[in-house]
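Data first, discussion second: the structure below is written as structure tokens.
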There are 2 protein chains.
Amino acid sequence: MAKADTPSSEDLMRLDNFLCFAIYSANHAFTRVYKPLLDQLDLTYPQYLVMVVLWEKDDQTVGSLGEKLFLESSTLTPMLKRLEAMGYVSRVRDRTDERQVRVRLTDTGRALRQKASAVPAGIVDATGMEPADLARLRKEIAALRTALLG
Amino acid sequence: MAKADTPSSEDLMRLDNFLCFAIYSANHAFTRVYKPLLDQLDLTYPQYLVMVVLWEKDDQTVGSLGEKLFLESSTLTPMLKRLEAMGYVSRVRDRTDERQVRVRLTDTGRALRQKASAVPAGIVDATGMEPADLARLRKEIAALRTALLG
DNA sequence: TGCAATTTAATCGCGCGCGACTTGAATGTT
DNA sequence: AACATTCAAGTCGCGCGCGATTAAATTGCA
């Protein structure tokens, strides 16, 4: 029978016992599953996440996007420029506060949402999990993230 | 009461409901938590994972490391060269099969294990979770990874 | 008003991470 | 033995992702 002992320092040093590695490798696995689906939209996985945030609420600042995605402006700025070059978003300085840049969907960017509508279901499918289990796991991992950043 | 409905396509499109995003952002959170701990060892987070694999079993090929870490040789080769330049590992062609490169810990690399011994406990601490919950979550995520790669 | 402190993006350098490709070695087939 | 196939590692180009820094705008305050 498994007992709830405090793990030995030996056990803690085994890669299989690293929660961080489970997450690290699951993240790569997700990237691979998304690739063929997103290739059709000409989006990378991080770019897709930006689009999801914008589809949810258009016209956001770089800072607002970064807060939601937990990304720095040094990551977002080049990404947003690529999305702009592809014609999916526009970037314009806010007139009332010139420090901020407002990111808005173009018509093409808005239209892309329809083409992307089948993606989430495809991913859920690839996990082979029930929606309820998926939701529970998602909440647990989000809570873990909160604890780590706290 | 929450009901186990099939989620609507609207719900599926909300970032908060993306399991992949929970994992994506939790992975970044882990990287941040590790940073101050690993800075003292002069290791990045992926480099640390390579060292963990080698501490577990010395003298492995690039392919073997890649299998365990789910990484390609195109990722590992430059990383291993950096670890070699730092004096933590050596890279030598296998005499009996010149295609393979054997990666071995140097004395310094082996010694580093002691300095790193406090790291896992520090991470567990940062999660604020019980070892049993941690283990359960880890297994669920590893199973998810397996499903995704299947 | 004037000037310091703060805020927001952007820039730069570096290390992943991968797909596509190359190189050289081992293996299989005839 | 000769040649094609397969296999392992490495190279290259590109897109993140971040820390450190910079530039410019706004805010706070004496």
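Throughout, a chain's letter reflects where its sequence line sits, starting with A, and its residues are numbered from 1.
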Counting side-chain heavy atoms from CB outward, which of C/dT8, C/dG17, D/dG17 is closest to A/Q100? C/dT8
Phosphate-side-chain proximity, B/Q47 and C/dG15, N/O vs OP1/OP2 below 4.0 Å: no
Looking at B/R82, does any N or O in its side chain come under 4.0 Å of the phosphate oxygens OP1/OP2 on C/dC16? yes
Quick one: which of C/dG17, D/dC7, C/dA9 gets closest to the side chain of A/S73? C/dA9
Both A/P78 and B/R102 contact DNA chain D. Taking the nearest nucleotide for each, which residue is further toward the 5' end? B/R102
Given side chains that start at C-beta, do those of B/V103 and B/L76 come closer than 4.5 Å, heavy atoms only? no
Phosphate oxygens OP1/OP2 of C/dA9: is one of them under 4.0 Å from a side-chain N or O of A/R93? no
What is the nucleic acid contact for B/T61, judged by heavy atoms within less than 4.0 Å: base, sugar-phosphate only, or nothing? sugar-phosphate
Comparing A/M79 with A/D97, nearest DNA chain D nucleotide closer to 5' gives the residue A/M79
Is the distance from OP1 or OP2 of D/dG15 to the nearest side-chain N or O of A/T44 less than 4.0 Å? no
Closest approach to the side chain of A/K81, judged atom by atom: which nucleotide of C/dC18, C/dT11, C/dA25 is it? C/dT11
Taking the six-membered ring for Trp, are B/Y45 and A/Y24 ring centroids under 6.0 Å apart? yes
Tell me which nucleotide among D/dC18, C/dT6, C/dT11 gets nearest to the side chain of B/R32. D/dC18
Kindly give the heavy-atom pair with the smallest separation between B/W55 and B/G109, and that separation in Å. NE1-O, 2.9 Å
